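Bear in mind that the values here come from a model prediction, so they are computed numbers and not experimental data. Lettering follows sequence order; numbering is per chain, from 1.
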Amino acid sequence: MTTETHTDPEPPMRLPVDRTSLLDPPEGLAALRESCPVSPLTYADGHVGWLVTSYRMARAVLQDDRFSSRPELRHSAVHLVLGDGQPPEEDVPGMFVGMDPPEHTRYRKLITGELSVRRMRELEPSIARTAGRLLDDVVAAGPGADLVSLFCSPLPSLVICELLGVPYSGWQRIRPVSEKMLRTDSTAEEVKACFAAIFEFLAEVVALKHREPADDLVSGLVALDELTDVEITAVAFQLFTAGHETTANMLSLGTYTLLTHPDQLALLRADPDLMESAVEELLRYLTVIQFGISRAALTDVDLDGTLVRAGQTVTVSLPAANRDPERFADPDVLDVRRPAAGNVAFGFGVHQCVAQQLARAEMRIGYRTLLERLPGLRLATPAAEVPMRDGAIVYGAASLPVVW
Amino acid sequence: MPTLLIEADRELCAGAGMCALVAPDLFDQTDADGTVVVLRAEVSGPALALARECVRNCPTGALSVRPRGDEVRTTRRGGG
């Protein structure tokens with residue numbers, strides 16, 4: 001690092017990550033959005049790129065194919081933290097989250113039919129059965145039970161396992177590994193080892209589906225005969241890992257949010273038909289991908305008068321974009337009745353979360369099950385003392401002790 | 001009351017399903033790859049407002065609404 005002299009300008013700021021209010025985006029993003037929505041940003045390794053904080057520019061960047069999703073082209077805004085979501089080795093075929101069209105398109109098209117709105121509504125009874133069984137465990141554990149470990153974390157992983165075709169016995173085997181992956185006290189090395197174990201586990205599931213095909217997503221990909229086994233494993237790995245931490249944290253943080261906004265909770269209890277709208281508003285309000293998503297410019301790009309040079313990384317702050325008053329009136333107010341569709345919690349453009357409709361179904365059923373089965377649900381500790389996942393790629397509650 | 005036509009570009013569509021989520025009477029998705037199926041192309045009044053919302057929310061810009069008659073003019077231009 002060069003010594004700064006009196007002639008060197010200040011290096012641009014680093015990504016704001018500290019929160020003063022548990023459920024609002026990190027300090028400093030709102031001011032940037034208002035004064036300079038495409039602002040210079042210093043990355044963890046010293047690279048200088050750009051931070052986008054307005055809704056309009058967030059959509060513009062994420063819909064522009066001059067910006068690449070390839071991980072080797074991008075710099076990281078924060079030092080490597082938990083939940084980076086990258087597979088254990090480099091260059092694993094089938095990791096479409098890090099590809100650009102047309103390679104990206106080919107993989108996605110093989111699974112988007114399985115993850116449609118209608119298919120996910122059809123899955124709701126099965127999700128409800130799973131949620132009900134987990135609630136039995138919560139009730140059996142008694143007052144003071146931790147909703148994260150007993151409900152919010154296992155629900156999405158059980159549902160994705162059922163969708164993929166992982167046998168229940170397999171889920172029981174992989175459960176401690178996937179739990180460890182989420183723990184905020186796991187080291188980066190341990191998390192990497194968890195990814196490797198999950199990848200190996202899913203490769204065994206793919207082999208099983210060759211021998212004993214069934215009516216599930218992995219068997220479907222095997223039967224298509226279009227992908228290699230490694231590619232199918234990579235697809236399953238992305239669905240498993242990307243869909244676990246995110247939904248688990250929306251379930252925990254969303255429950256915490258409802259319990260700390262009693263007026264909104266009362267509206268929802270009085271009119272359960274508000275659930276779909278409430279899920280959308282919680283997605284917008286909480287935007288758990290707290291450090292945003294990044295792209296690398298493949299050529300020079302003019303962003304509203306700011307010149308982004310080829311090779312620079314652009315970080316789109318999803319939390320900032322979802323609190324943009326130009327798009328959402330009174331954006332810092334939680335209002336379960338507002339039309340929040342169009343928010344960018346799941347990103348935007350061709351990479352918008354492939355299983356977002358599954359996530360919505362899990363949240364609809366998850367929150368509904370909690371509220372129906374536990375009418376007296378409330379926090380067991382003071383709200384300010386609930387531990388949050390500071391520093392993790394996906395924000396949420398680290399644990400959520402409740403009484404009812 | 002003006003009537004407009006919903007148009008969907010199946011090449012641009014990524015199968016996200018936001019249209020089917022918000023307006024299930026207007027949009028569905030194929031089983032094959034989740035791309036958009038326009039159930040009702042002619043819209044006016046509240047349905048038009050809903051269609052415009054779906055156009056706005058579409059992550060890939062695959063949806064649009066246009067006045068009736070435009071597509072006929074395009075065909076004639078293309079054939080000339």
Student: Could you look at B/Cys54 and say if it's the side chain, the backbone, both or neither that has a heavy atom under 4.5 Å from chain A?
Tutor: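 For B/Cys54, there is no contact with chain A at all, as no heavy atom is under 4.5 Å.
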Student: Taking all atoms of both residues into account, what is the closest heavy-atom pair of A/Ala345 and A/Thr287, and its distance?
Tutor: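 Nearest pair, atom of A/Ala345 first, then A/Thr287: CA-CG2, 4.3 Å.
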Student: Establish, from distance only, whether the side-chain atoms of A/Gln63 and B/Thr60 form a donor-acceptor pair under 3.5 Å.
Tutor: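 Per modelled atom types, A/Gln63 and B/Thr60 side chains form no pair under 3.5 Å.
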Student: Most heavy-atom pairs under 4.5 angstrom with chain B, which of A/Glu276, A/Arg108, A/Arg360, A/Glu114?
Tutor: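 Heavy-atom pairs under 4.5 Å are most numerous for A/Arg360.
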Student: Let's test your reading of the structure: which of B/Gly17, B/Gly15, B/Cys13 forms the most heavy-atom pairs below 4.5 Å with chain A?
Tutor: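 Answer, by heavy-atom pair count under 4.5 Å with chain A: B/Gly17.
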Student: State whether the number of non-hydrogen atoms from other residues, nucleotides or ligands found under 6.0 Å of B/Arg56 atom CZ is greater than 12.
Tutor: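 No, CZ of B/Arg56 has 12 or fewer neighbouring heavy atoms, counting only those of other groups under 6.0 Å.
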Student: Sort B/Ala20 into side chain, backbone, both or neither according to what part of it lies under 4.5 angstrom from a heavy atom of chain A.
Tutor: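 It is both, since atoms from each part get that close.
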Student: Can you give me the closest heavy-atom contact between B/Ala47 and B/Arg40, atom names plus distance?
Tutor: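 That would be CB-NH2, 3.7 Å.
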